[in-house]
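Taking it in order: structure first as structure tokens, then the write-up.
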Amino acid sequence: MNPQLLFWVPALLRIGAVFLVSGVIGYFFGAVIGLMASAAALVFLVLTQLGYLHRLNSWLDHPDSAKLPDGFGAWTDVFSRLYRLRRDDEKNQAELTEWLARFRQAMTLLPDGVVIMDDVLFLEWCNPAAEKHLGLRQDRDKGMRVTNLIRNPDFMDYIILGRYEKPLTLTLKDRKLIMQIIPFENRRQILVTHDATESERIEMMRRDFIANASHELRTPLTVINGFLEIALLQPNLEAQTRISHLKLMTEQGQRMQNLVEDMLTLTRLESIDYPMRPEHVMIPVLLEQIREEAEALSAGKHAITLKVDGPDIRGSVDELRSAFGNLVSNAVRYTPAEGTIQISWNMGAGGPVFAVRDSGIGIRPENISRLTERFYRVDKSRSRETKGTGLGLAIVKHVLLRHAATLVIESAQGEGSLFKVKFPMAAVYSANEH
Ligand code: ADP
């Protein structure tokens, strides 16, 4: 039924009933009594309405949808509508509170910093990343001017110039930060900060690597070009001289090839698209091959021994051949003639251990921690003389990383070196595995 009718019909019926009953009373007991009866009934009706108004008024002081007063007549409708309004309101508020909590949690987990400021840069709110990047503290610094908190001349210039469409890059407490101010609403601004320290470091490493690689390639290229020029200018060179030039050119070509191969190996080892595929590594077979290669490289100048006394492991045969081969060839290359090289494989307390001990030139303690850096060499000329690329130990480091193994280097200058590779117990091969 029409709500207007629902409201008015019962009210009018009630008033009509009062007049009807008063009329009947007046007819039987006289007009005065009838009027008094109708006045009393109307007063009762008004008092009842006032009573409901009072209950509504008291409820409005503490509106709670669970404690809404019961109604009568039109009040039933009023109360039930209020009840619905109140319930919707409570639901909206609960949703809003939940949404706000979720938003705050997301802001807290965000790796980028977010600072909310008013139009004159007074701090209103910031997330933990912004606290870390800018050295702020939300509880301590709220209400303070951001330019008083971030004291940096470049940041001040950025604010003064107000060219917020471009980000600002600055170094703050050894962090490389990229920040930008974004105005929002009418009277608020957001300062967003991004920590670019790590990407900057990677970029620098990439630049260094390219510079080093180019430098390494330039030397053999210069030698080859020089000999080619001689061959062009002096076509009638003596056969012996020509052969010696060709030999030197071949050597330099080989050096470039080694370098390119090592760079490709490193790139592959670092790539996430190239996962390690573990297989059964037959240690005695692998180490025997490595010993033979070492004998060939040494050409009888060293006493090389191999002792295998440990289990097989799971890993990549090719990668381990490259890592163990690098360590053993280093031992040969950095040990003068008549020296000794002992290769061993045994079971240590924490797992299998591969070790190469040489009686060579040794390494000063301050150089040990840098050996696995790309192109790092203690003695550049000696490394080149022995056909080193400067990438061998970087390759070893990456292979071991992929096998959860660790490299331990013990050495002293002039007293030989010991390179140990420690594998975890989990690497031990068991015949039941597939
Ligand atoms: P390289 O190709 O120059 O040998 P590596 O990465 O294999 O490059 O080794 C880095 C440096 O570590 C070498 O240049 C050398 O100075 C030092 N080094 C490595 N192995 C030994 C060793 N067994 N004895 C002495 N020095 C070593």
Side-chain angles (χ1 to χ4, degrees), residues 174 201-202 204-205 208-209 211-213 215-216 258-259 262-263 265-266 269-270 287 290-291 294 297-298 301-307 310 319-320 322-424 427:
D174 296 334
R201 194 184 64 82
I202 291 170
M204 216 162 82
M205 263 175 63
D208 281 357
F209 184 70
N212 280 326
H215 179 77
E216 294 288 333
N258 291 347
L259 190 66
D262 275 2
M263 287 198 292
T265 307
L266 253 185
L269 289 173
E270 274 182 325
L287 294 189
I290 283 170
R291 191 190 65 79
L297 186 65
S298 153
K301 290 197 208 97
H302 307 92
I304 303 175
T305 58
L306 167 65
K307 208 169 139 221
E319 288 181 23
L320 290 174
S322 162
F324 294 169
N326 263 307
L327 293 175
V328 174
S329 81
N330 278 352
V332 175
R333 288 163 47 227
Y334 297 103
T335 301
E338 310 299 322
T340 58
I341 290 151
Q342 298 162 308
I343 310 166
S344 66
W345 177 262
N346 57 45
M347 192 63 175
V353 180
F354 169 78
V356 191
R357 185 188 289 278
D358 65 52
S359 62
I361 60 171
I363 308 152
R364 260 205 276 261
E366 64 268 27
N367 295 325
I368 289 182
S369 64
R370 300 199 55 193
L371 292 187
T372 55
E373 284 175 26
R374 291 149 189 223
F375 297 115
Y376 182 82
R377 294 146 164 145
V378 177
D379 178 352
K380 282 201 187 344
S381 55
R382 183 168 186 118
S383 165
R384 294 226 174 84
E385 251 171 54
T386 58
K387 301 192 178 72
T389 61
L391 294 175
L393 290 181
I395 292 176
V396 171
K397 179 179 127 179
H398 273 92
V399 170
L400 301 193
L401 208 68
R402 285 158 71 91
H403 286 78
T406 47
L407 179 66
V408 182
I409 307 170
E410 289 168 25
S411 186
Q413 200 177 23
E415 289 176 25
S417 313
L418 170 64
F419 284 75
K420 270 198 272 187
V421 177
K422 295 184 172 180
F423 287 88

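For the single chain, residues carry numbers from 1 onward in sequence order. All values reported here derive from a predicted model rather than from experimental measurement.
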Discussion item. Once rounded to the nearest 0.5 Å, what's the spacing between atom OG of S417 and atom CG of L327?
Written reply: 11.0 Å
Response to the item:
Closest non-hydrogen atoms of K387 and R333, given as atom of the first, atom of the second and distance, are C-NH2, 4.4 Å
Item to complete: Search all heavy atoms of S411 against all heavy atoms of G416 and return the closest pair with its distance.
Response: OG-O, 3.0 Å
Practice prompt. Determine the minimum heavy-atom distance between L320 and H403, stating which atoms define it.
Written response: CG-NE2, 3.8 Å
Discussion item. Which heavy atom of V399 sits nearest to which heavy atom of E319, and what is that distance?
Written reply: CG1-O, 3.5 Å
Practice prompt. Could you walk me through whether N367 and Y376 pass the side-chain hydrogen bond (donor to acceptor under 3.5 Å, both in side chains) test, one step at a time?
Written response: CA-CA 9 Å; N367 295 325; Y376 182 82; 3.0 Å; yes
Discussion item. Checking H398 against L266 for the side-chain contact (heavy atoms from CB on, under 4.5 Å) test, could you report, in this order, the C-alpha distance in whole Å, the side-chain angles of both residues, the deciding distance, and whether it holds?
Written reply: CA-CA 8 Å; H398 273 92; L266 253 185; 3.6 Å; yes
Worksheet entry | Pairwise side-chain contact, V408 with K422, heavy-atom cut-off 4.5 Å (strictly under) | yes
Discussion item. Minimum heavy-atom separation for S329 and L297, please, with both atom names.
Written reply: CB-CD2, 3.6 Å
Item to complete: Output the distance between atom CD (E373) and atom CE (M205), rounded to the nearest 0.5 Å.
Response: 9.0 Å
Item to complete: Could you tell me which non-hydrogen atom of L371 sits nearest to which non-hydrogen atom of F419, and how far apart they are?
Response: CD1-CZ, 4.3 Å
Worksheet item: Could you state the interatomic distance from CG (L401) to OG1 (T372), rounded to the nearest 0.5 Å?
Response: 10.5 Å
Worksheet entry | L287 CG to L306 CG distance, which is reported to the nearest 0.5 Å | 5.5 Å
Fill in: Nearest-0.5 Å distance that lies between atom CG in N212 and atom CE in M263
10.5 Å
Fill in: D358 side chain to I341 backbone, donor-acceptor under 3.5 Å
no
Worksheet item: Any chance CD of E366 has more than 12 other-residue heavy atoms, nucleotides or ligands included, within less than 6.0 Å?
Response: yes
Fill in: Note, T305 side chain near T340 side chain (heavy atom, < 4.5 Å)
no
Worksheet item: Going through the distances and angles, do L393 and N330 end up as a side-chain contact (heavy atoms from CB on, under 4.5 Å)?
Response: CA-CA 9 Å; L393 290 181; N330 278 352; 3.7 Å; yes
Item to complete: Show your reasoning for whether side-chain contact (heavy atoms from CB on, under 4.5 Å) applies to L391 and F375.
Response: CA-CA 6 Å; L391 294 175; F375 297 115; 3.9 Å; yes
Fill in: Rounded distance [0.5 Å steps], CD1 in I304 versus OG in S298
4.5 Å
Worksheet item: Relative to the ring of W345, is the ring of F354 parallel (under 30°), tilted (30 to 60°) or perpendicular (over 60°)?
Response: tilted
Worksheet item: Between T335 (side chain) and G339 (backbone), is there a donor-acceptor pair under 3.5 Å?
Response: no
Practice prompt. Using atom types as modelled and distance alone, determine if a side-chain donor or acceptor of R402 lies under 3.5 Å from a backbone N or O of L269.
Written response: yes
Worksheet item: Does R374 CZ have over 12 foreign heavy atoms under 6.0 Å away?
Response: yes
Item to complete: Mark yes or no for whether R377, through its side chain, and T389, through its backbone, hold a donor-acceptor pair below 3.5 Å.
Response: yes
